[in-house]
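Proteins get letters first, then strands, A, B, ... in listed order; numbering begins at 1 in each.
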Number of protein chains: 2
Amino acid sequence: MLLSQKCQYALRASFHLAKCYGQGPVRIADVAEAQAIPKRFLEVILGQLKQGGFVASHRGNEGGYVLDRDPSGLTVGEIIRFVEGPIGPVGCMAGDAKENCPLRGRCVFMPMWEQVRDQVEEVYDNTTLQDLVEKERAQERQFAPDYAI
Amino acid sequence: MLLSQKCQYALRASFHLAKCYGQGPVRIADVAEAQAIPKRFLEVILGQLKQGGFVASHRGNEGGYVLDRDPSGLTVGEIIRFVEGPIGPVGCMAGDAKENCPLRGRCVFMPMWEQVRDQVEEVYDNTTLQDLVEKERAQERQFAPDYAI
DNA sequence: ACCTAGTCGATCAAGTTGGTCGGGATTATA
DNA sequence: TATAATCCCGACCAACTTGATCGACTAGGT
């Protein structure tokens, strides 16, 4: 039912890097502070996202992380699937678990599960990090429209 | 992301009792066998559903469980909420967890979470046990239309 | 009285979650 | 080349949840 904390952290971290896209590396500590994520745990998460090709890192002084994908082409769904595995309300919809279902083929719930999965994927796969960044910028303009005056 | 095994068992058990609605008590062992649920575990689950007023039990010889609600008025959503708690992709949408969110008020993800929750609830709250029973009966007619000849 | 079934509380192994820690490797800059 | 900043890596860990199992007990019908 719920997304793991780790997955939410991964999304928030990616989002933060999307905000800083094109501005050079961002330190783990900065991401951690901005997004209220435990720093040591974030190290683990960013390392994983790096394996997946979502982010890239620069070591040493002046180092940090950058988003390694164009935010306008990177969806929330991709990140969730990478961290959590296939999207869906039950495990028996994908992979080998599907074959092991004792009710294989005659499970009345399956159409409902599929309906839910499709609805959820629809949302996650049509939300890009760019969308979120723009949404936040729009909100900031609304609540502090004259910050530059 | 996923519904717990327990919740799926609860749904399958309720569904089975809905199939037998109006035909007297069904033994735990029968439900367990029909729905491929570990019997001892099912005891626990049915006990819980009884507390929630979803089912009723009759002890002694010829005893068993019956659905204590009209299947046409009992939705999947009700059962899921009873077993799993509030529906939604993240914990910080309901109750006290909402207040504890470090990003309270300015979380860009919240509208997306709400969208997902609404879509999922839409499906679960509009599927009754009666719907599922009828769907299965229709399927059986399709695959074995002449079983009574 | 006796059999059948539900009931209740304790218990439990294994896996997942959500982290933490120490120290090592790498790089920019002075 | 020293140094400070920064990421990197594997090990470790406590707490919780999941998915059960067991034995003994209680209630009901015949």
Side-chain angles (χ1 to χ4, degrees), chain A residues 1-13 16-17 20 24-33 35-52 54-68 80 83-85 90-92 97 100-102, chain B residues 1-13 16-17 20 24-33 35-52 54-68 80 83-85 90-92 97 100-102:
Chain A
M1 204 55 237
L2 295 87
L3 257 43
S4 69
Q5 196 69 9
K6 181 177 176 181
C7 184
Q8 295 181 57
Y9 288 159
L11 287 170
R12 295 223 294 266
H16 189 80
L17 294 181
C20 305
V26 185
R27 283 174 299 170
I28 288 185
D30 291 344
V31 178
E33 194 194 5
Q35 294 294 326
I37 304 171
K39 178 170 171 276
R40 282 338 253 279
F41 196 25
L42 182 56
E43 286 183 19
V44 177
I45 293 164
L46 283 173
Q48 208 171 315
L49 288 174
K50 184 183 171 182
Q51 298 302 314
F54 295 95
V55 303
S57 66
H58 297 275
R59 296 169 75 147
N61 197 0
E62 294 287 291
Y65 276 90
V66 293
L67 198 66
D68 204 24
I80 292 180
V83 178
E84 302 268 78
V90 294
C92 57
N100 299 337
C101 176
Chain B
M1 203 56 238
L2 294 89
L3 257 43
S4 70
Q5 196 70 10
K6 181 177 175 181
C7 184
Q8 294 180 57
Y9 288 159
L11 287 170
R12 296 223 294 266
H16 189 79
L17 294 181
C20 305
V26 186
R27 281 173 303 172
I28 288 186
D30 292 344
V31 178
E33 194 194 4
Q35 295 292 327
I37 303 172
K39 178 170 170 280
R40 282 337 255 279
F41 197 24
L42 181 56
E43 286 183 19
V44 177
I45 294 163
L46 283 174
Q48 208 171 315
L49 288 175
K50 185 183 170 182
Q51 298 302 315
F54 296 96
V55 303
S57 65
H58 296 276
R59 297 167 75 142
N61 197 1
E62 296 286 292
Y65 275 91
V66 293
L67 199 65
D68 205 24
I80 293 180
V83 178
E84 302 268 76
V90 294
C92 57
N100 298 337
C101 176

Winner on side-chain proximity to R59(A), out of dT4(C), dG24(C), dG19(D), is dG24(C)

Which of dT6(D), dT7(C), dG19(D) is nearest the side chain of S57(B)? It is dT7(C)

Rounded to whole Å, NE2 of H58(B) lies from C1' of dA27(D) at a distance of 13 Å

Q) Which part of the nucleic acid, if any, lies within reach of V55(B) when heavy atoms closer than 4.0 Å are counted: base, sugar-phosphate only, or nothing? A) nothing

D30(B) atom CG is separated from dT4(C) atom P, nearest whole Å, by 14 Å

In short, A10(A) meets V83(A) closest at the heavy-atom pair CB-CG2, 4.0 Å

dG19(C), OP1 or OP2 - any side-chain N/O from Y9(A) closer than 4.0 Å? yes

Which of dT29(C), dT7(C), dT20(C) is nearest the side chain of E62(A)? It is dT29(C)

Taken to the nearest whole Å, CZ/F41(B) to C1'/dA20(D) is 6 Å

With no angle test and no hydrogens, is the base of dG22(C) tied to the side chain of R40(A) by a donor-acceptor pair under 3.5 Å?
yes

From CD1 of I45(B) across to P of dA20(D) the rounded distance in Å is 8 Å

N61(B) has its side chain closest, among dT29(C), dA20(D), dG28(D), to dG28(D)

When every non-hydrogen atom of Q8(B) is compared with those of L3(B), the smallest separation belongs to NE2-O, 3.4 Å

Margin query: Regarding I28(A), tell me which of base, sugar-phosphate or nothing describes its non-hydrogen contacts under 4.0 Å with the strands shown.
Written below: sugar-phosphate

From CG of L42(A) across to P of dC21(C) the rounded distance in Å is 16 Å

By nearest-heavy-atom nucleotide on DNA chain C, the more 5' of Q5(A) and G60(B) is G60(B)

Rounded to whole Å, the NZ-P distance (K50(B) to dA5(C)) equals 17 Å

Against the side chain of Y65(B), the closest entry in dC8(D), dG6(C), dG22(C) is dG6(C)

To the nearest 0.5 Å, atom NZ of K6(A) lies from atom CZ of F41(A) at 6.0 Å

DNA chain C nearest-nucleotide lookup for P38(A) and A29(B): closer to the 5′ end is A29(B)

Of G63(A) and E43(A), the one whose nearest nucleotide on DNA chain D sits closer to the 5' end is G63(A)

Closest non-hydrogen contact found for S57(A) with K50(A) is OG-NZ, 2.9 Å

Separation of dG19(C) atom P from K39(A) atom NZ, nearest Å, is 15 Å

Correct closest heavy-atom pair for Y9(A) and I45(A) would be CB-CD1, 3.6 Å

Rounded to whole Å, the CD1-P distance (I37(B) to dT21(D)) equals 13 Å

